Protein chains: 2
Amino acid sequence: MALRSAGLNLTAQRIAILDTVTHRPHSTADDIYRAVTERLGSISHQAVYDTLSTLSERGLLRRIQPSHSPARFETRVGDNHHHLICRTCGDVRDVDCAVHHTPCLTASDDHGFSIDEAEVIYWGICPTCTAADATARG
Amino acid sequence: MALRSAGLNLTAQRIAILDTVTHRPHSTADDIYRAVTERLGSISHQAVYDTLSTLSERGLLRRIQPSHSPARFETRVGDNHHHLICRTCGDVRDVDCAVHHTPCLTASDDHGFSIDEAEVIYWGICPTCTAADATARG
DNA sequence: AAGATTTTCTGGAATAGTTCCAGATTCAGA
DNA sequence: TCTGAATCTGGAACTATTCCAGAAAATCTT
């Protein structure tokens with residue numbers, strides 16, 4: 001199991017958190033807190049935050065931090081995918097790299113930086129919200 | 001003047017803020033507050049935040065919100081440039097689009113969204129911090 | 001099973017950045 | 001000069017997150 005190979009002890013909390021994020025990608029810490037509480041009976045906020053940090057550090061989770069949103073987590077790590085977020089409902093979708101093979105890690109001018117990540121977020125309005133808006137306007 | 005053509009009254013505060021951001025791109029609200037205070041004698045935090053919001057809404061400023069950083073503002077709007085940020089010192093540089101002509105607005109799969117912005121941030125370590133780190137390690 | 005270590009717990013305080021309030025005042029433009 | 005826009009003061013509120021510190025519990029090792 002992933003936790004084991006990352007050198008982490010197996011605890012009910014870690015398993016539940018990892019599993020929750022696997023089934024509900026792009027969850028916030030609070031989403032996770034609620035899901036795990038339901039599943040285990042209870043968990044502390046600190047345990048959730050601690051675990052999310054640990055799992056992110058060890059590379060089992062990827063943390064994404066969209067503007068005006070709490071951090072979100074996903075288990076799809078190691079590839080170069082990006083995100084598409086609805087400005088209205090906040091829905092997050094995965095998007096594969098537009099130009100393929102980690103192209104986004106290549107800036108046109110790197111200013112001498114050693115770049116380790118390209119964070120790409122597409123912002124727009126999802127079809128559902130577009131439809132709802134059209135309906136509301138009559 | 002830009003303020004005028006955006007239909008905004010000319011006030012000393014707005015002029016000073018716009019001017020400050022022009023000369024110091026990627027300023028935070030607090031940077032701006034301090035610079036304008038020095039320039040005008042005083043300004044309120046609220047006026048700074050109000051003005052930054054107004055100018056951003058009217059398209060005179062672009063707001064960027066890097067993770068773990070307060071919002072930053074710049075007057076370079078309307079083009080499709082991105083940002084390169086040093087993880088160590090927080091230095092922000094402009095980067096032209098890697099693939100040219102607003103390519104970044106094109107996701108490989110738009111999921112039916114109407115995309116209006118592609119936010120691209122390259123993360124890395126700047127040459128100065130790399131050098132400093134090498135020196136510190138001896 | 002015991003011991004050592006890791007993890008989680010409670011619960012409260014603190015933080016940063018920003019927004020909101022509400023009423024008074026000042027200012028720009030017509 | 002008038003009107004509405006903009007700004008002011010000053011304090012409270014907010015969200016997401018981190019930090020604290022010691023106690024308790026669970027996990028892994030032997």
Side-chain angles (χ1 to χ4, degrees), chain A residues 1-21 26-58 60-73 85 90 92, chain B residues 1-21 26-37 39-58 60-61 63-73 85 90 92:
Chain A
M1 140 161 284
L3 284 167
R4 173 60 14 108
S5 44
L8 295 172
N9 286 353
L10 285 178
T11 69
Q13 290 83 351
R14 285 176 174 168
I15 293 169
I17 287 174
L18 202 46
D19 199 60
T20 298
V21 179
H26 315 132
S27 288
T28 63
D30 192 59
D31 293 338
I32 295 163
Y33 171 79
R34 279 202 282 256
V36 173
T37 296
E38 202 170 303
R39 182 164 165 165
L40 300 183
S42 77
I43 190 172
S44 67
H45 284 279
Q46 287 66 17
V48 172
Y49 280 109
D50 285 354
T51 303
L52 289 174
S53 301
T54 306
L55 299 186
S56 299
E57 272 166 25
R58 304 297 175 103
L60 303 185
L61 290 182
R62 177 172 165 196
R63 164 187 228 129
I64 52 183
Q65 300 253 56
S67 307
H68 309 117
S69 161
R72 291 165 179 276
F73 298 85
I85 309 182
V92 180
Chain B
M1 140 162 282
L3 285 166
R4 171 63 13 106
S5 44
L8 295 171
N9 286 353
L10 284 177
T11 69
Q13 290 84 349
R14 286 175 174 169
I15 293 168
I17 288 174
L18 201 46
D19 199 59
T20 298
V21 179
H26 314 133
S27 289
T28 63
D30 192 58
D31 292 338
I32 296 163
Y33 171 79
R34 279 202 281 257
V36 173
T37 297
R39 182 162 162 165
L40 299 184
S42 77
I43 189 172
S44 65
H45 284 279
Q46 286 65 18
V48 173
Y49 281 110
D50 285 355
T51 303
L52 290 174
S53 300
T54 306
L55 299 186
S56 299
E57 272 167 24
R58 305 297 177 102
L60 302 185
L61 291 182
R63 164 187 227 130
I64 52 183
Q65 299 255 52
S67 306
H68 309 117
S69 160
R72 291 166 179 276
F73 297 84
I85 309 182
V92 180

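Here is the naming used below: chain letters follow the sequence lines, and residue numbers restart at 1 for every chain. On a predicted model such as this, the values are computed, not experimentally measured, just so you know. Atom set for the values below is all heavy atoms of this structure, side chains included, hydrogens, waters and symmetry mates excluded.
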Non-hydrogen atoms of Y33(B) and I43(B) that approach each other most closely: CE1-O, 3.1 Å
Atom of S56(B), atom of R63(B) and distance for their closest heavy-atom approach: OG-CB, 4.2 Å
Exam field: side chain T51(B) to backbone V48(B), donor-acceptor pair closer than 3.5 Å: no
Which residue lies more 5' along DNA chain C, comparing S42(A) with R63(B) via nearest heavy atoms: S42(A)
Over 12 non-hydrogen atoms of neighbours within 6.0 angstrom of CD in E38(A): no
Sidechain-backbone polar pair: R14(A) side chain, N9(A) backbone, donor-acceptor under 3.5 Å: yes
For nucleotides 25-27 of chain C, print each protein N/O atom paired with a nucleotide N/O atom at under 3.5 Å, atom names and distance only.
none

Nucleic acid contacts of residues 44-52 of chain A, taken as heavy-atom distances under 4.0 Å to DNA chain D: Q46(A), Y49(A)
R34(A) and its side chain to side chain contact (heavy atoms under 4.5 Å, CB included) partner, picked from T37(A), V36(A), D30(A): D30(A)
A16(A) backbone acceptor or donor facing D19(A) side chain under 3.5 Å: no
For the student: nearest non-hydrogen atoms of G90(A) and I85(A), plus distance: O-CG2, 3.9 Å
Gap between atoms CG and C1', on L3(B) and dG29(C) respectively (whole Å): 14 Å
Distance, rounded to the nearest Å, where I15(A) contributes CD1 and dT6(C) contributes C1': 15 Å
Check against side-chain contact (heavy atoms from CB on, under 4.5 Å), T54(A) and L60(A): CA-CA 9 Å; T54(A) 306; L60(A) 303 185; over 6 Å; no
Separation of dT7(C) C1' from I43(A) CD1 (nearest whole Å): 11 Å
Under 4.0 angstrom between R4(B) side-chain N/O and dG29(C) OP1 or OP2: yes
Spacing of R62(A) atom CZ and R72(A) atom CZ [to the nearest 0.5 Å]: 14.0 Å
Side-chain (D50(B)) to main-chain (A47(B)) donor-acceptor, under 3.5 angstrom: no
Rounded distance (Å) that lies between atom C1' of dT19(C) and atom CD of E57(B): 14 Å
5' priority, DNA chain C, between N9(B) and R72(B) [closest heavy atom]: R72(B)
Nearest-Å distance for atom pair CD/C1', residues Q13(B) and dA28(C): 11 Å
Nucleotides bounding contact with chain B, strand DNA chain D, heavy-atom threshold 4.0 Å: dA5(D) to dG11(D)
